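Please see the structure below; I have some questions.
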2 protein chains.
Amino acid sequence: MTEIRQPTPRRGTNLPRMGDFNLTVILDAIRRSSGGLSRVELAQIVGLSPQTISNISRRLLDQQLIVEAGKEGSGPGKPRTILRLNPSGMYALGVHLDPAVITTVVLDLVGDVVKHSRIPTPGGCNPQHVIAAIAEEIKALVEDSGVDTGKIAGLGVAAPGPIDLDQGTVVDPPLMTGWDRVNLRDALADATGFETLVDKDVTSAAVAETWAGGPSGTGSFIFMYMGTGIGCGIVLNDEVVRGTSGNAGEIGHIIVDPDGPECDCGLRGCVKSSCIPQVLVAEAEEQGVLNGGAKGTEGPEVQEGFARLCDAADAGDERAIAIIDKSAVLVARAVAVVTNTLDVERVVFGGPFWGRLSERYLDRVPALLAANSAANSIHGIEVVGTGVGEDVGAIGAACLVLEHTLAPRAQRLLLEG
Amino acid sequence: MTEIRQPTPRRGTNLPRMGDFNLTVILDAIRRSSGGLSRVELAQIVGLSPQTISNISRRLLDQQLIVEAGKEGSGPGKPRTILRLNPSGMYALGVHLDPAVITTVVLDLVGDVVKHSRIPTPGGCNPQHVIAAIAEEIKALVEDSGVDTGKIAGLGVAAPGPIDLDQGTVVDPPLMTGWDRVNLRDALADATGFETLVDKDVTSAAVAETWAGGPSGTGSFIFMYMGTGIGCGIVLNDEVVRGTSGNAGEIGHIIVDPDGPECDCGLRGCVKSSCIPQVLVAEAEEQGVLNGGAKGTEGPEVQEGFARLCDAADAGDERAIAIIDKSAVLVARAVAVVTNTLDVERVVFGGPFWGRLSERYLDRVPALLAANSAANSIHGIEVVGTGVGEDVGAIGAACLVLEHTLAPRAQRLLLEG
DNA sequence: CTGGCGGATCTCAGTCACGGAATTCCCCTA
DNA sequence: TAGGGGAATTCCGTGACTGAGATCCGCCAG
């Protein structure tokens with residue numbers, strides 16, 4: 001029981017902020033529509049008057065964030081002018097910093113990858129070297145892409161947790177020795193000259209889903225990130241939940257198997273000790289499912305072992321199938337804990353290891369989840385795979401910037417301190 | 001994998017809404033200050049200009065929501081006029097519907113209980129009878145309190161989950177047979193004539209904390225409600241999290257004891273099968289800790305047994321102490337799951353069974369929580385007991401109305417559909 | 001006792017975003 | 001080619017916040 005922190009008071013709002021907010025609302029509506037929207041449709045959707053829509057559209061057109069894209073007229077009357085996002089109206093850079101690999105992307109306004117690269121994380125994990133390598137990679141990528149630097153809104157970085165969001169630092173993540181309280185934000189801002197945002201990888205993935213994931217990125221959902229570890233990103237009512245220090249989504253110690261293996265926390269059957277890829281691979285090795293190939297449970301070997309485990313399952317190996325199916329049961333339990341706590345409407349799966357699991361998981365998880373859902377009699381919970389692909393981390397990092405700049409967050413309305 | 005719901009689009013905002021919002025912001029600032037605030041202080045806190053504060057203050061004074069309460073001048077210059085909440089400026093009614101007891105309160109604007117009553121829930125739990133009894137009780141309470149009906153903003157109802165927030169219905173809660181999809185909201189609105197809001201008991205408790213709990217009700221926290229069952233209310237950045245259907249906070253099936261007793265969900269050691277009062281009492285009976293008195297694990301007997309268990313612990317009975325201490329360990333594990341998932345800054349305990357547990361829990365939980373907190377190296381997590389007392393449920397229900405009417409929710413800014 | 005001073009609050013315009021009504025624009029139909 | 005209907009724009013009005021200056025109100029020095 002420590003002393004209670006001085007609360008940050010809620011602040012008021014004023015006219016200019018209202019205008020900016022409405023602009024982002026309209027941009028958001030256009031972004032979320034499949035084929036663009038006309039001004040009348042916008043008025044109907046966002047609830048503002050047609051004149052206001054007209055004015056804001058003009059501002060958006062001036063800023064080149066949207067373009068008029070043809071007309072659409074069926075019956076009599078003046079045909080509607082369709083407004084669409086202008087993909088090249090803004091760009092964002094994203095970096096996914098992973099213990100093993102650094103992925104970098106240039107994203108355009110609609111969330112499409114313009115250019116991407118992947119390099120192994122420089123050996124030794126020395127922060128200085130890694131930061132220098134990232135800065136260089138970004139410089140090369142920007143030049144390669146031919147994008148006007150002036151249109152790049154900033155750089156987003158997705159880092160493994162824990163992080164300190166206020167400081168922009170990475171706080172001693174597992175598998176990255178020497179990274180205790182490294183100020184990634186300031187270091188990269190200095191090195192690249194771009195405004196930089198740092199966030200946790202799972203949160204970034206969730207942001208990627210809201211920005212580039214289509215309808216599955218709306219409303220309230222959790223993003224289950226299947227990576228070296230398992231974590232989740234949380235979005236409630238279209239706004240990302242980051243938590244006090246940016247560390248929301250730590251679900252590694254949810255107990256999912258009372259009969260499971262011991263965990264470093266002293267209990268048994270936690271997520272991180274019973275269903276992360278490394279554990280599945282170890283289990284498979286022990287059972288002799290993986291004949292041949294490199295053994296080991298570090299970095300790349302896990303990926304390889306995991307791929308062979310999935311191959312075996314696809315080839316019909318009962319033991320391999322059992323391992324994966326069991327992991328689906330366990331993951332579903334963890335998901336149920338979170339969905340029962342937050343009462344969300346959807347679970348989106350993704351992350352580097354998701355691709356190989358998707359078919360079996362999508363087969364099993366929905367029923368398991370429904371069986372354990374407290375609100376099951378009121379509403380079902382959708383279970384879907386992300387459409388964003390393997391690079392969610394880096395794409396999400398870039399989306400952090402877009403979200404920060406353009407999303408209609410309530411925060412945007414409030415006066416600053 | 002069901003089809004994806006049509007997302008509710010985010011809506012714009014306009015001038016009148018902005019004004020109303022700022023009014024609630026100012027009211028909120030005054031409410032949260034200990035001894036009232038002057039106009040200049042308000043300007044500083046909420047970030048609006050002094051003139052705007054002046055204008056809004058006038059509106060608030062006209063509405064009698066605030067009063068000028070003396071002056072405060074130390075040095076030279078015109079002394080500041082202190083603005084305070086006017087307790088009798090608005091009232092709200094709250095009902096806590098529990099399987100065993102119905103608590104009703106009249107709350108004033110500052111969150112003080114003006115009048116309260118408690119009756120046993122009419123036998124048989126027949127919804128019609130219960131609703132009629134509540135309506136009658138409310139009528140009597142309002143008359144008794146002598147409060148001007150015109151100043152009563154509405155009626156809040158805290159019900160055990162699950163609920164359907166959109167419908168205002170209670171959906172088959174445990175221990176209340178015959179209550180499947182009973183529309184409490186419409187029934188009570190009809191019967192009493194007051195605008196009625198229905199919410200889950202744990203959510204109401206969390207709202208009570210934000211409204212009447214002082215500094216521990218600010219920012220991001222979870223409210224651990226220790227009642228017949230254990231649930232939690234969630235508040236993130238000063239806004240209550242209700243979930244898609246109002247059922248957020250269902251933590252009964254978080255596994256906290258891999259060696260615990262079997263649960264109806266098929267697993268072992270869930271919260272609801274290992275640390276709710278009923279289980280503790282049963283355990284105590286089994287061990288012969290509770291000599292004499294009524295036995296049983298239904299309704300009032302649990303309360304009685306629980307009281308005797310606590311008496312025994314207070315008297316130094318090692319077995320009783322062990323039972324309660326173990327429950328603290330288990331509850332702390334559940335709390336850790338939620339705080340790690342949401343990265344909140346505070347845990348507030350409360351509810352009918354909290355009083356007797358508080359001393360031992362406050363002794364043990366903070367350390368246990370810190371040991372299991374993922375973000376422990378970045379920030380600690382405060383653990384406090386609520387100041388709201390045993391009637392949190394009913395008080396929270398009334399606070400639902402106040403919150404709905406007066407809290408600066410972002411939602412208030414957005415245009416309606 | 002009185003004028004000066006400093007700070008709080010109010011008055012009075014001024015600015016700007018949204019809203020309503022009327023107008024213009026544009027394509028389809030007859 | 002004229003008429004019609006729906007989309008988008010123009011023009012003006014309203015209202016909320018802002019800035020500058022005026023006013024109010026006690027303390028303090030003379």
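Because the structure is a prediction, the values reported are computed rather than measured. Below, chains carry the letters A, B, ... as their sequence lines are ordered, and counting in each starts from 1.
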Worksheet item: Atom CD of B:Glu68 to atom P of C:dA8: distance rounded to whole Å?
Response: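 Those two atoms, CD and P, are 15 Å apart.
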Fill in: Any side-chain heavy-atom pair of A:Val46 and A:Ile53 under 4.5 Å
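Counting from C-beta outward, A:Val46 and A:Ile53 do come under 4.5 Å.
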Practice prompt. Do nucleotides 19-28 of chain C as a string where each nucleotide becomes B, S or -: B if the base has a protein heavy atom under 4.0 Å, S if just the sugar-phosphate does, - if no protein is that close.
Written response: BBB---BBBS
Item to complete: Using whole Å, report how far CG of A:Leu23 lies from C1' of C:dC18.
Response: 14 Å
Item to complete: Identify, between A:Ile82 and B:Met18, the residue whose nearest nucleotide on DNA chain D lies closer to the 5' end.
Response: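 Taking each residue's closest nucleotide, the earlier one in sequence belongs to A:Ile82.
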Fill in: B:Leu400 side, atom CG; B:Leu155 side, atom CG - distance, nearest 0.5 Å
9.5 Å
Worksheet item: With sequence neighbours left out, which residue pairs that include part of residues 402-413 of chain A fulfil the salt bridge (Lys or Arg N to Asp or Glu O under 4.0 Å) condition?
Response: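 For residues 402-413 of chain A, and leaving out neighbouring residues, the salt bridge (Lys or Arg N to Asp or Glu O under 4.0 Å) pairs sorted by first residue read A:Arg242-A:Glu403.
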Item to complete: Look at all strands and tell whether A:Thr81 reaches a base, only sugar-phosphate, or nothing, counting heavy atoms closer than 4.0 Å.
Response: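 Here A:Thr81 touches the backbone only, sparing every base.
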Discussion item. Can you measure B:Arg80 atom CZ to D:dC24 atom C1' for me and round it to whole angstrom units?
Written reply: 16 Å
Discussion item. As a test of understanding, state which of B:Val401, B:Asp28, B:Leu109 forms a side-chain contact (heavy atoms from CB on, under 4.5 Å) with B:Leu406.
Written reply: B:Leu109
Worksheet item: Is the number of heavy atoms from other residues, nucleotides or ligands under 6.0 Å of B:Glu41 CD greater than 12?
Response: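 Correct, the count exceeds 12.
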Worksheet item: Which part of the nucleic acid, if any, lies within contact of B:Arg59, taking any heavy atom under 4.0 Å across all strands shown: a base, the sugar-phosphate backbone alone, or nothing?
Response: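 Result for B:Arg59 = nothing.
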Practice prompt. Could you check how far CZ of A:Arg58 sits from C1' of C:dC18, rounded to whole Å?
Written response: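 To the nearest whole Å, that distance equals 14 Å.
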Discussion item. If I take atom CG in residue A:Leu413 and atom P in nucleotide C:dA17, what distance separates them, rounded to the nearest angstrom?
Written reply: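 One finds 14 Å between P of C:dA17 and CG of A:Leu413, rounded.
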Practice prompt. Output every pair passing side-chain hydrogen bond (donor to acceptor under 3.5 Å, both in side chains) with a member in residues 59-70 of chain B, not counting sequence neighbours, ordered by first then second residue.
Written response: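 Those involving residues 59-70 of chain B are B:Asp20-B:Arg59, B:Arg39-B:Glu68, B:Gln64-B:Lys151.
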Worksheet item: Could you state the interatomic distance from CG (B:Leu85) to CD1 (B:Ile66), rounded to the nearest 0.5 Å?
Response: 8.0 Å
Worksheet item: What integer distance in Å separates A:Arg17:CZ from C:dC16:C1'?
Response: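 Between C1' of C:dC16 and CZ of A:Arg17: 16 Å.
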Item to complete: Measure from CG on B:Leu61 to C1' on C:dT9 and round the result to the nearest Å.
Response: 13 Å
Worksheet item: Expressed in angstrom and rounded to an integer, what is the separation of A:Phe21 atom CZ from D:dA16 atom C1'?
Response: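 My rounded result for the distance is 18 Å.
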